[in-house]
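Step one of this worksheet: look at the structure below.
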2 protein chains.
Amino acid sequence: MFLRGPLQLSPVARRTYDLPDCGLAVALDLLGERWTLLIVRELLLGPQRYTDLNDGLHGLSTNLLAERLRHLETNGIIHRTELPPPAASTVYELTPIGEELQPLIVQLALWGERFTDGRSVSEPRAAAFAMVARHCGPDAVSAAAPAADIRTGECRIDIDDYSIAAQLDAGRLRARAHPPAQPVAVVRTTGEVYRSLVNGQMSWAEAVAAHAVHVEGDISQLGALFGHLR
Amino acid sequence: MFLRGPLQLSPVARRTYDLPDCGLAVALDLLGERWTLLIVRELLLGPQRYTDLNDGLHGLSTNLLAERLRHLETNGIIHRTELPPPAASTVYELTPIGEELQPLIVQLALWGERFTDGRSVSEPRAAAFAMVARHCGPDAVSAAAPAADIRTGECRIDIDDYSIAAQLDAGRLRARAHPPAQPVAVVRTTGEVYRSLVNGQMSWAEAVAAHAVHVEGDISQLGALFGHLR
DNA sequence: CGGAATCCTCTTCGATACTG
DNA sequence: CAGTATCGAAGAGGATTCCG
(Lines give C-alpha, C1' and ligand atoms only; values in the text may rest on other atoms or scores of the structure.)
Protein backbone atom coordinates (compact mmCIF):
# COMPACT_ATOMS: atom_id res chain seq x y z
CA MET A 1 0.00 0.00 0.00
CA PHE A 2 1.25 3.42 -0.93
CA LEU A 3 -0.05 5.93 1.57
CA ARG A 4 0.63 9.61 1.14
CA GLY A 5 -0.12 11.41 4.38
CA PRO A 6 -2.99 10.50 6.67
CA LEU A 7 -5.48 10.32 3.82
CA GLN A 8 -6.21 6.69 2.95
CA LEU A 9 -6.21 5.90 -0.73
CA SER A 10 -7.21 2.64 -2.34
CA PRO A 11 -4.60 0.01 -3.16
CA VAL A 12 -4.81 0.99 -6.81
CA ALA A 13 -4.12 4.70 -7.11
CA ARG A 14 -7.32 6.69 -6.89
CA ARG A 15 -7.68 9.84 -8.84
CA THR A 16 -6.49 12.48 -6.44
CA TYR A 17 -5.59 16.15 -6.58
CA ASP A 18 -2.35 15.23 -4.87
CA LEU A 19 -2.12 18.37 -2.77
CA PRO A 20 -1.71 16.85 0.69
CA ASP A 21 -1.19 20.31 2.19
CA CYS A 22 -4.39 21.83 0.96
CA GLY A 23 -7.44 21.33 3.14
CA LEU A 24 -9.83 21.95 0.29
CA ALA A 25 -8.13 19.55 -2.10
CA VAL A 26 -8.00 16.84 0.53
CA ALA A 27 -11.63 17.40 1.44
CA LEU A 28 -12.51 17.04 -2.21
CA ASP A 29 -10.45 13.87 -2.48
CA LEU A 30 -12.66 12.48 0.26
CA LEU A 31 -16.03 13.95 -0.65
CA GLY A 32 -15.76 15.26 -4.17
CA GLU A 33 -16.69 12.20 -6.12
CA ARG A 34 -20.11 11.66 -7.52
CA TRP A 35 -22.81 10.66 -5.00
CA THR A 36 -20.59 10.93 -1.95
CA LEU A 37 -22.14 14.06 -0.41
CA LEU A 38 -25.63 12.76 -1.14
CA ILE A 39 -24.78 9.60 0.78
CA VAL A 40 -23.57 11.69 3.69
CA ARG A 41 -26.77 13.69 3.59
CA GLU A 42 -28.82 10.50 3.84
CA LEU A 43 -26.80 9.50 6.87
CA LEU A 44 -27.45 12.87 8.52
CA LEU A 45 -30.96 11.53 9.04
CA GLY A 46 -29.75 8.67 11.18
CA PRO A 47 -28.12 5.28 10.68
CA GLN A 48 -29.22 3.55 7.50
CA ARG A 49 -28.90 0.12 6.02
CA TYR A 50 -27.30 -0.52 2.67
CA THR A 51 -30.71 -1.05 1.16
CA ASP A 52 -32.13 2.13 2.66
CA LEU A 53 -29.36 4.09 1.00
CA ASN A 54 -29.84 2.28 -2.28
CA ASP A 55 -33.56 3.03 -2.19
CA GLY A 56 -33.13 6.65 -1.13
CA LEU A 57 -30.63 7.54 -3.83
CA HIS A 58 -32.31 6.88 -7.12
CA GLY A 59 -29.79 6.37 -9.89
CA LEU A 60 -26.91 5.34 -7.67
CA SER A 61 -25.73 1.93 -8.74
CA THR A 62 -24.96 -0.72 -6.17
CA ASN A 63 -21.28 -1.10 -7.00
CA LEU A 64 -20.76 2.65 -6.65
CA LEU A 65 -22.56 2.66 -3.30
CA ALA A 66 -20.38 -0.14 -2.00
CA GLU A 67 -17.23 1.60 -3.18
CA ARG A 68 -18.22 4.96 -1.67
CA LEU A 69 -19.15 3.40 1.67
CA ARG A 70 -15.84 1.58 1.80
CA HIS A 71 -13.96 4.76 1.04
CA LEU A 72 -15.85 6.79 3.63
CA GLU A 73 -15.37 4.11 6.25
CA THR A 74 -11.66 3.76 5.56
CA ASN A 75 -11.24 7.47 6.15
CA GLY A 76 -13.24 7.62 9.37
CA ILE A 77 -16.21 9.58 8.08
CA ILE A 78 -18.74 6.77 8.58
CA HIS A 79 -18.60 3.44 10.35
CA ARG A 80 -20.49 0.16 10.15
CA THR A 81 -22.41 -1.19 13.09
CA GLU A 82 -23.93 -4.65 13.37
CA LEU A 83 -27.29 -4.42 15.08
CA PRO A 84 -27.86 -7.15 17.69
CA PRO A 85 -30.37 -9.95 16.94
CA PRO A 86 -33.18 -10.21 16.13
CA ALA A 87 -32.55 -7.20 13.90
CA ALA A 88 -29.21 -8.71 12.83
CA SER A 89 -28.55 -6.11 10.24
CA THR A 90 -25.60 -3.89 9.48
CA VAL A 91 -26.14 -0.17 9.43
CA TYR A 92 -23.94 2.72 8.41
CA GLU A 93 -23.73 5.85 10.50
CA LEU A 94 -21.71 9.01 10.60
CA THR A 95 -18.75 9.36 12.89
CA PRO A 96 -18.37 12.68 14.75
CA ILE A 97 -16.13 13.85 11.90
CA GLY A 98 -18.89 13.00 9.45
CA GLU A 99 -21.50 14.77 11.57
CA GLU A 100 -19.45 17.94 11.30
CA LEU A 101 -20.43 18.06 7.65
CA GLN A 102 -24.03 18.93 8.45
CA PRO A 103 -23.70 22.73 8.40
CA LEU A 104 -21.69 22.50 5.23
CA ILE A 105 -24.22 20.33 3.45
CA VAL A 106 -27.05 22.55 4.63
CA GLN A 107 -25.24 25.59 3.30
CA LEU A 108 -24.65 23.95 -0.02
CA ALA A 109 -28.29 22.95 -0.28
CA LEU A 110 -29.48 26.45 0.54
CA TRP A 111 -27.10 27.92 -2.00
CA GLY A 112 -28.43 25.53 -4.62
CA GLU A 113 -32.04 26.24 -3.81
CA ARG A 114 -32.17 29.30 -6.08
CA PHE A 115 -31.61 26.99 -9.05
CA THR A 116 -34.41 24.57 -8.14
CA ASP A 117 -37.82 24.70 -9.68
CA GLY A 118 -39.50 25.49 -6.38
CA ARG A 119 -41.76 22.53 -5.97
CA SER A 120 -40.44 20.57 -3.08
CA VAL A 121 -40.55 18.04 -0.31
CA SER A 122 -42.15 15.10 -2.05
CA GLU A 123 -40.43 12.39 -0.07
CA PRO A 124 -39.84 11.65 3.63
CA ARG A 125 -36.13 12.12 3.69
CA ALA A 126 -36.34 15.26 1.61
CA ALA A 127 -38.92 16.57 4.08
CA ALA A 128 -36.72 15.83 7.05
CA PHE A 129 -33.69 17.38 5.46
CA ALA A 130 -35.64 20.46 4.41
CA MET A 131 -36.62 20.96 8.03
CA VAL A 132 -33.02 20.68 9.15
CA ALA A 133 -31.88 23.04 6.43
CA ARG A 134 -34.42 25.67 7.38
CA HIS A 135 -33.70 25.35 11.05
CA CYS A 136 -29.96 25.56 10.64
CA GLY A 137 -30.38 28.26 8.06
CA PRO A 138 -27.67 30.34 6.46
CA ASP A 139 -27.20 32.48 9.56
CA ALA A 140 -27.44 29.75 12.16
CA VAL A 141 -24.66 27.56 10.87
CA SER A 142 -22.78 26.50 13.96
CA ALA A 143 -23.74 29.84 15.47
CA ALA A 144 -25.84 30.84 18.45
CA ALA A 145 -28.63 28.37 19.09
CA PRO A 146 -31.99 30.06 19.61
CA ALA A 147 -33.92 29.32 22.82
CA ALA A 148 -31.23 26.97 24.05
CA ASP A 149 -33.17 26.04 27.17
CA ILE A 150 -35.87 24.16 25.28
CA ARG A 151 -35.50 20.40 25.47
CA THR A 152 -37.85 17.84 24.01
CA GLY A 153 -38.08 14.13 23.46
CA GLU A 154 -38.42 12.82 19.97
CA CYS A 155 -41.55 13.90 18.12
CA ARG A 156 -43.13 12.20 15.18
CA ILE A 157 -44.34 14.22 12.21
CA ASP A 158 -46.83 12.52 9.90
CA ILE A 159 -46.97 14.08 6.46
CA ASP A 160 -49.56 12.52 4.18
CA ASP A 161 -48.65 8.84 4.26
CA TYR A 162 -45.11 9.02 5.60
CA SER A 163 -43.50 9.86 8.93
CA ILE A 164 -40.32 11.48 10.09
CA ALA A 165 -38.93 12.21 13.54
CA ALA A 166 -37.67 15.46 14.95
CA GLN A 167 -35.91 16.23 18.17
CA LEU A 168 -35.06 19.68 19.42
CA ASP A 169 -32.42 19.36 22.06
CA ALA A 170 -30.80 22.43 23.54
CA GLY A 171 -31.58 24.35 20.39
CA ARG A 172 -30.03 21.74 18.13
CA LEU A 173 -32.40 20.04 15.71
CA ARG A 174 -31.97 16.40 14.82
CA ALA A 175 -34.21 14.97 12.16
CA ARG A 176 -34.44 11.24 11.62
CA ALA A 177 -35.86 9.22 8.78
CA HIS A 178 -37.21 6.61 11.22
CA PRO A 179 -39.53 7.88 13.97
CA PRO A 180 -39.46 6.26 17.43
CA ALA A 181 -42.12 3.88 18.70
CA GLN A 182 -43.06 6.19 21.56
CA PRO A 183 -42.89 9.81 20.45
CA VAL A 184 -43.60 12.47 23.07
CA ALA A 185 -45.84 14.22 20.59
CA VAL A 186 -47.31 13.66 17.16
CA VAL A 187 -48.29 16.19 14.55
CA ARG A 188 -50.21 15.20 11.47
CA THR A 189 -50.54 17.39 8.41
CA THR A 190 -50.47 17.41 4.64
CA GLY A 191 -47.49 17.78 2.38
CA GLU A 192 -48.75 21.14 1.26
CA VAL A 193 -49.10 22.55 4.77
CA TYR A 194 -45.81 21.06 5.85
CA ARG A 195 -44.06 22.70 2.93
CA SER A 196 -45.59 26.04 3.85
CA LEU A 197 -44.46 25.64 7.44
CA VAL A 198 -40.92 24.71 6.50
CA ASN A 199 -40.65 27.44 3.88
CA GLY A 200 -41.97 30.00 6.34
CA GLN A 201 -44.99 30.92 4.25
CA MET A 202 -47.24 29.87 7.13
CA SER A 203 -46.55 30.26 10.83
CA TRP A 204 -47.20 27.53 13.35
CA ALA A 205 -49.86 29.69 15.00
CA GLU A 206 -51.65 30.19 11.70
CA ALA A 207 -51.59 26.49 10.91
CA VAL A 208 -53.01 25.62 14.33
CA ALA A 209 -55.68 28.30 14.08
CA ALA A 210 -56.71 27.05 10.65
CA HIS A 211 -56.83 23.45 11.92
CA ALA A 212 -54.31 22.64 9.19
CA VAL A 213 -52.36 20.51 11.64
CA HIS A 214 -53.59 17.87 14.07
CA VAL A 215 -51.62 17.54 17.27
CA GLU A 216 -51.33 14.95 20.04
CA GLY A 217 -49.07 15.21 23.03
CA ASP A 218 -47.01 18.12 24.17
CA ILE A 219 -47.99 20.78 21.66
CA SER A 220 -45.70 23.39 23.15
CA GLN A 221 -42.66 21.48 22.07
CA LEU A 222 -43.81 21.12 18.50
CA GLY A 223 -44.73 24.79 18.42
CA ALA A 224 -41.26 25.62 19.67
CA LEU A 225 -39.77 23.54 16.91
CA PHE A 226 -41.75 25.06 14.09
CA GLY A 227 -41.52 28.48 15.65
CA HIS A 228 -37.83 28.40 14.89
CA LEU A 229 -38.45 27.84 11.23
CA ARG A 230 -38.82 31.14 9.51
CA MET B 1 -31.61 22.70 -26.40
CA PHE B 2 -33.31 20.62 -23.81
CA LEU B 3 -33.55 22.59 -20.58
CA ARG B 4 -34.93 21.08 -17.44
CA GLY B 5 -35.79 23.84 -15.03
CA PRO B 6 -33.64 26.92 -14.61
CA LEU B 7 -30.44 24.91 -14.48
CA GLN B 8 -28.60 25.11 -17.79
CA LEU B 9 -27.31 21.84 -19.13
CA SER B 10 -25.08 21.33 -22.12
CA PRO B 11 -26.55 20.55 -25.53
CA VAL B 12 -25.58 16.94 -25.11
CA ALA B 13 -27.11 15.68 -21.89
CA ARG B 14 -24.72 16.21 -19.02
CA ARG B 15 -24.55 13.72 -16.23
CA THR B 16 -27.04 15.05 -13.71
CA TYR B 17 -28.68 13.82 -10.54
CA ASP B 18 -31.99 14.84 -12.10
CA LEU B 19 -33.55 16.04 -8.86
CA PRO B 20 -34.61 19.54 -9.86
CA ASP B 21 -36.37 19.98 -6.51
CA CYS B 22 -33.39 19.25 -4.33
CA GLY B 23 -31.10 22.15 -3.57
CA LEU B 24 -28.20 19.89 -2.73
CA ALA B 25 -28.49 17.81 -5.88
CA VAL B 26 -28.74 20.91 -8.03
CA ALA B 27 -25.78 22.51 -6.28
CA LEU B 28 -23.78 19.36 -6.94
CA ASP B 29 -24.85 19.38 -10.59
CA LEU B 30 -23.28 22.82 -10.80
CA LEU B 31 -20.25 22.42 -8.56
CA GLY B 32 -19.78 18.71 -8.00
CA GLU B 33 -17.59 17.83 -10.92
CA ARG B 34 -13.89 17.49 -10.64
CA TRP B 35 -11.89 20.77 -10.37
CA THR B 36 -14.93 23.02 -10.28
CA LEU B 37 -14.70 24.06 -6.63
CA LEU B 38 -10.96 24.53 -6.92
CA ILE B 39 -11.55 26.89 -9.83
CA VAL B 40 -14.04 28.84 -7.73
CA ARG B 41 -11.54 29.03 -4.91
CA GLU B 42 -8.96 30.52 -7.26
CA LEU B 43 -11.48 33.13 -8.32
CA LEU B 44 -12.19 34.01 -4.69
CA LEU B 45 -8.79 35.69 -4.79
CA GLY B 46 -9.85 38.08 -7.50
CA PRO B 47 -10.37 38.04 -11.26
CA GLN B 48 -7.98 35.74 -13.08
CA ARG B 49 -7.00 35.12 -16.64
CA TYR B 50 -7.32 31.72 -18.27
CA THR B 51 -3.59 31.25 -17.97
CA ASP B 52 -3.50 32.24 -14.30
CA LEU B 53 -6.04 29.54 -13.59
CA ASN B 54 -4.19 27.01 -15.68
CA ASP B 55 -0.96 27.80 -13.83
CA GLY B 56 -2.57 27.79 -10.39
CA LEU B 57 -4.28 24.46 -10.77
CA HIS B 58 -1.58 21.92 -11.44
CA GLY B 59 -2.95 18.84 -13.16
CA LEU B 60 -6.03 20.50 -14.62
CA SER B 61 -5.96 20.08 -18.38
CA THR B 62 -6.79 22.95 -20.67
CA ASN B 63 -9.85 21.37 -22.24
CA LEU B 64 -11.35 20.66 -18.81
CA LEU B 65 -10.69 24.22 -17.69
CA ALA B 66 -12.39 25.61 -20.77
CA GLU B 67 -15.37 23.32 -20.28
CA ARG B 68 -15.74 24.17 -16.58
CA LEU B 69 -15.49 27.89 -17.18
CA ARG B 70 -18.15 27.67 -19.86
CA HIS B 71 -20.43 25.72 -17.56
CA LEU B 72 -19.95 28.11 -14.67
CA GLU B 73 -20.53 31.12 -16.90
CA THR B 74 -23.67 29.64 -18.45
CA ASN B 75 -25.12 29.20 -14.99
CA GLY B 76 -24.25 32.67 -13.73
CA ILE B 77 -21.60 31.70 -11.21
CA ILE B 78 -18.76 33.47 -13.01
CA HIS B 79 -18.62 35.89 -15.90
CA ARG B 80 -16.02 36.96 -18.44
CA THR B 81 -14.79 40.51 -18.67
CA GLU B 82 -12.66 41.99 -21.41
CA LEU B 83 -10.08 44.31 -19.89
CA PRO B 84 -9.66 47.55 -21.86
CA PRO B 85 -6.44 48.07 -23.86
CA PRO B 86 -3.53 48.04 -23.43
CA ALA B 87 -4.17 45.08 -21.12
CA ALA B 88 -6.63 43.70 -23.69
CA SER B 89 -7.11 40.44 -21.92
CA THR B 90 -10.16 38.54 -20.83
CA VAL B 91 -10.50 37.73 -17.17
CA TYR B 92 -12.92 35.51 -15.32
CA GLU B 93 -14.47 36.68 -12.08
CA LEU B 94 -17.15 35.52 -9.70
CA THR B 95 -20.67 36.89 -9.88
CA PRO B 96 -22.38 37.75 -6.57
CA ILE B 97 -23.87 34.26 -6.60
CA GLY B 98 -20.39 32.82 -6.97
CA GLU B 99 -19.05 35.03 -4.20
CA GLU B 100 -21.61 33.51 -1.86
CA LEU B 101 -19.67 30.28 -2.05
CA GLN B 102 -16.79 31.70 -0.03
CA PRO B 103 -17.97 30.65 3.45
CA LEU B 104 -18.85 27.24 2.11
CA ILE B 105 -15.45 26.69 0.53
CA VAL B 106 -13.74 27.95 3.65
CA GLN B 107 -15.74 25.53 5.76
CA LEU B 108 -14.89 22.65 3.50
CA ALA B 109 -11.21 23.55 3.59
CA LEU B 110 -11.20 23.77 7.37
CA TRP B 111 -13.00 20.43 7.62
CA GLY B 112 -10.41 18.86 5.36
CA GLU B 113 -7.49 20.35 7.21
CA ARG B 114 -7.43 17.53 9.76
CA PHE B 115 -6.51 15.14 6.94
CA THR B 116 -3.62 17.24 5.66
CA ASP B 117 -0.04 16.60 6.56
CA GLY B 118 0.35 19.92 8.33
CA ARG B 119 3.03 21.60 6.30
CA SER B 120 1.43 24.45 4.52
CA VAL B 121 1.35 27.73 2.66
CA SER B 122 4.04 27.20 0.09
CA GLU B 123 2.48 29.28 -2.64
CA PRO B 124 0.97 32.79 -2.89
CA ARG B 125 -2.59 31.81 -3.55
CA ALA B 126 -2.50 29.16 -0.88
CA ALA B 127 -1.20 31.78 1.53
CA ALA B 128 -3.95 34.21 0.65
CA PHE B 129 -6.64 31.60 0.92
CA ALA B 130 -5.28 30.34 4.23
CA MET B 131 -5.59 33.84 5.61
CA VAL B 132 -9.17 34.11 4.43
CA ALA B 133 -9.98 30.69 5.85
CA ARG B 134 -8.58 31.55 9.25
CA HIS B 135 -10.26 34.89 9.34
CA CYS B 136 -13.65 33.55 8.34
CA GLY B 137 -13.13 30.58 10.58
CA PRO B 138 -15.62 27.88 11.44
CA ASP B 139 -17.55 30.12 13.81
CA ALA B 140 -17.55 33.26 11.74
CA VAL B 141 -19.23 31.86 8.66
CA SER B 142 -21.60 34.61 7.57
CA ALA B 143 -21.97 35.53 11.24
CA ALA B 144 -21.18 38.60 13.26
CA ALA B 145 -18.17 40.42 11.87
CA PRO B 146 -15.65 41.33 14.54
CA ALA B 147 -14.66 44.97 14.92
CA ALA B 148 -16.93 46.05 12.12
CA ASP B 149 -15.85 49.66 12.37
CA ILE B 150 -12.35 48.99 11.10
CA ARG B 151 -11.82 50.03 7.51
CA THR B 152 -8.60 49.87 5.58
CA GLY B 153 -7.30 50.34 2.11
CA GLU B 154 -5.60 47.47 0.42
CA CYS B 155 -2.41 46.25 2.08
CA ARG B 156 0.36 44.27 0.50
CA ILE B 157 1.88 41.30 2.28
CA ASP B 158 5.28 40.13 1.07
CA ILE B 159 6.08 36.58 2.03
CA ASP B 160 9.55 35.42 0.99
CA ASP B 161 9.58 36.16 -2.74
CA TYR B 162 5.89 36.52 -3.43
CA SER B 163 3.19 39.04 -2.58
CA ILE B 164 -0.51 38.97 -1.83
CA ALA B 165 -3.00 41.69 -1.02
CA ALA B 166 -5.39 41.95 1.90
CA GLN B 167 -8.18 44.35 2.61
CA LEU B 168 -10.20 44.46 5.79
CA ASP B 169 -13.36 46.35 5.09
CA ALA B 170 -16.10 46.58 7.69
CA GLY B 171 -14.91 43.35 9.22
CA ARG B 172 -14.96 41.48 5.95
CA LEU B 173 -11.63 40.22 4.68
CA ARG B 174 -10.85 40.18 0.99
CA ALA B 175 -7.61 38.60 -0.09
CA ARG B 176 -6.31 39.02 -3.60
CA ALA B 177 -3.65 37.20 -5.52
CA HIS B 178 -2.48 40.45 -7.16
CA PRO B 179 -1.52 43.30 -4.84
CA PRO B 180 -2.25 46.88 -5.82
CA ALA B 181 0.37 49.30 -7.06
CA GLN B 182 -0.18 51.69 -4.15
CA PRO B 183 -0.88 49.74 -0.96
CA VAL B 184 -1.67 51.73 2.16
CA ALA B 185 0.73 49.53 4.08
CA VAL B 186 3.23 46.79 3.45
CA VAL B 187 4.31 43.99 5.71
CA ARG B 188 7.29 41.80 4.89
CA THR B 189 7.95 38.47 6.56
CA THR B 190 9.02 34.90 5.94
CA GLY B 191 6.84 31.97 5.02
CA GLU B 192 7.53 30.42 8.39
CA VAL B 193 6.45 33.48 10.37
CA TYR B 194 3.46 34.03 8.13
CA ARG B 195 2.32 30.47 8.69
CA SER B 196 2.64 30.91 12.44
CA LEU B 197 0.62 34.11 12.31
CA VAL B 198 -2.13 32.58 10.19
CA ASN B 199 -2.27 29.42 12.24
CA GLY B 200 -2.44 31.41 15.45
CA GLN B 201 0.75 29.95 16.89
CA MET B 202 2.22 33.45 17.05
CA SER B 203 0.38 36.65 17.82
CA TRP B 204 0.88 39.83 15.86
CA ALA B 205 2.27 41.51 18.94
CA GLU B 206 4.82 38.75 19.45
CA ALA B 207 5.90 38.88 15.82
CA VAL B 208 6.37 42.63 15.98
CA ALA B 209 8.26 42.41 19.29
CA ALA B 210 10.56 39.75 17.87
CA HIS B 211 11.20 41.85 14.73
CA ALA B 212 9.89 38.87 12.75
CA VAL B 213 7.89 41.21 10.54
CA HIS B 214 8.94 44.42 8.86
CA VAL B 215 6.23 47.02 8.44
CA GLU B 216 5.77 50.16 6.37
CA GLY B 217 2.72 52.36 6.42
CA ASP B 218 -0.24 52.21 8.71
CA ILE B 219 0.76 49.43 11.08
CA SER B 220 -2.41 49.68 13.13
CA GLN B 221 -4.46 48.40 10.24
CA LEU B 222 -2.24 45.41 9.67
CA GLY B 223 -2.23 44.65 13.34
CA ALA B 224 -6.00 44.78 13.32
CA LEU B 225 -6.04 42.33 10.44
CA PHE B 226 -3.73 39.82 12.01
CA GLY B 227 -5.25 40.35 15.42
CA HIS B 228 -8.41 38.77 14.07
CA LEU B 229 -6.62 35.65 13.10
CA ARG B 230 -6.57 33.32 16.04
C1' DC C 1 1.55 34.54 -25.95
C1' DG C 2 -3.35 33.91 -24.44
C1' DG C 3 -7.33 31.01 -25.25
C1' DA C 4 -8.89 27.51 -26.61
C1' DA C 5 -10.30 22.82 -29.90
C1' DT C 6 -8.81 17.97 -31.18
C1' DC C 7 -7.21 13.40 -30.65
C1' DC C 8 -6.15 9.51 -28.01
C1' DT C 9 -5.78 6.69 -23.89
C1' DC C 10 -7.21 5.56 -19.46
C1' DT C 11 -10.45 5.81 -15.53
C1' DT C 12 -14.87 6.15 -13.67
C1' DC C 13 -19.75 5.67 -14.00
C1' DG C 14 -24.25 3.35 -14.71
C1' DA C 15 -27.05 -0.65 -15.59
C1' DT C 16 -27.78 -5.25 -15.20
C1' DA C 17 -26.82 -9.77 -13.69
C1' DC C 18 -25.37 -12.66 -10.25
C1' DT C 19 -23.95 -14.67 -5.36
C1' DG C 20 -23.43 -15.73 -0.07
C1' DC D 1 -30.18 -8.18 2.69
C1' DA D 2 -25.73 -6.91 1.31
C1' DG D 3 -23.05 -6.79 -1.53
C1' DT D 4 -19.54 -8.60 -6.10
C1' DA D 5 -18.76 -9.16 -11.24
C1' DT D 6 -19.10 -7.57 -15.80
C1' DC D 7 -19.30 -4.45 -19.61
C1' DG D 8 -20.57 -0.53 -22.66
C1' DA D 9 -20.77 4.56 -22.21
C1' DA D 10 -19.28 8.83 -20.53
C1' DG D 11 -15.73 11.65 -18.39
C1' DA D 12 -10.87 12.90 -17.30
C1' DG D 13 -5.75 13.59 -18.39
C1' DG D 14 -2.03 14.61 -21.49
C1' DA D 15 -0.10 16.08 -25.68
C1' DT D 16 -0.48 18.45 -29.68
C1' DT D 17 -2.37 21.78 -32.81
C1' DC D 18 -4.79 25.90 -34.14
C1' DC D 19 -6.12 30.74 -34.25
C1' DG D 20 -5.69 35.91 -33.42
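Throughout, protein chains are lettered first and strands after them, A, B, ... in sequence-line order, and every chain is numbered starting at 1.
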Taking atom [atom2] of [N] as reference, at what distance in whole Å does atom [atom1] of [X] sit?
| X | N | atom1 | atom2 | value |
| --- | --- | --- | --- | --- |
| B:Glu67 | C:dG3 | CD | C1' | 15 Å |
| A:Leu65 | D:dT4 | CG | P | 10 Å |
| B:Asn63 | C:dA5 | CG | C1' | 9 Å |

Phosphate contact ([N] OP1 or OP2) by [X] side-chain N/O below 4.0 Å:
| X | N | answer |
| --- | --- | --- |
| A:Thr51 | D:dA2 | yes |
| B:Thr90 | C:dG2 | no |
| B:Arg68 | D:dA12 | yes |
| B:Arg34 | C:dC13 | no |
| B:Trp35 | D:dG13 | yes |
| B:Arg70 | C:dA5 | yes |
| B:Tyr17 | C:dC13 | no |

Are more than 12 heavy atoms, taken from residues, nucleotides or ligands other than A:His178, located less than 6.0 Å from that residue's NE2 atom? yes

Please check if atom CD in B:Glu93 has more than 12 non-hydrogen atoms from other residues, nucleotides or ligands closer than 6.0 Å. yes

Main-chain N/O of B:Leu65 paired with B:Tyr50 side-chain donor or acceptor, under 3.5 Å: no

Taking A:Tyr17 for the side chain and A:Cys22 for the main chain, is one N or O donor matched with an acceptor at less than 3.5 Å? no

Does B:Asn54 make a side-chain donor-acceptor contact with the base of C:dG3, cut-off 3.5 Å? no

Give one of base, sugar-phosphate or nothing for A:Thr62, where a contact means two heavy atoms less than 4.0 Å apart. base

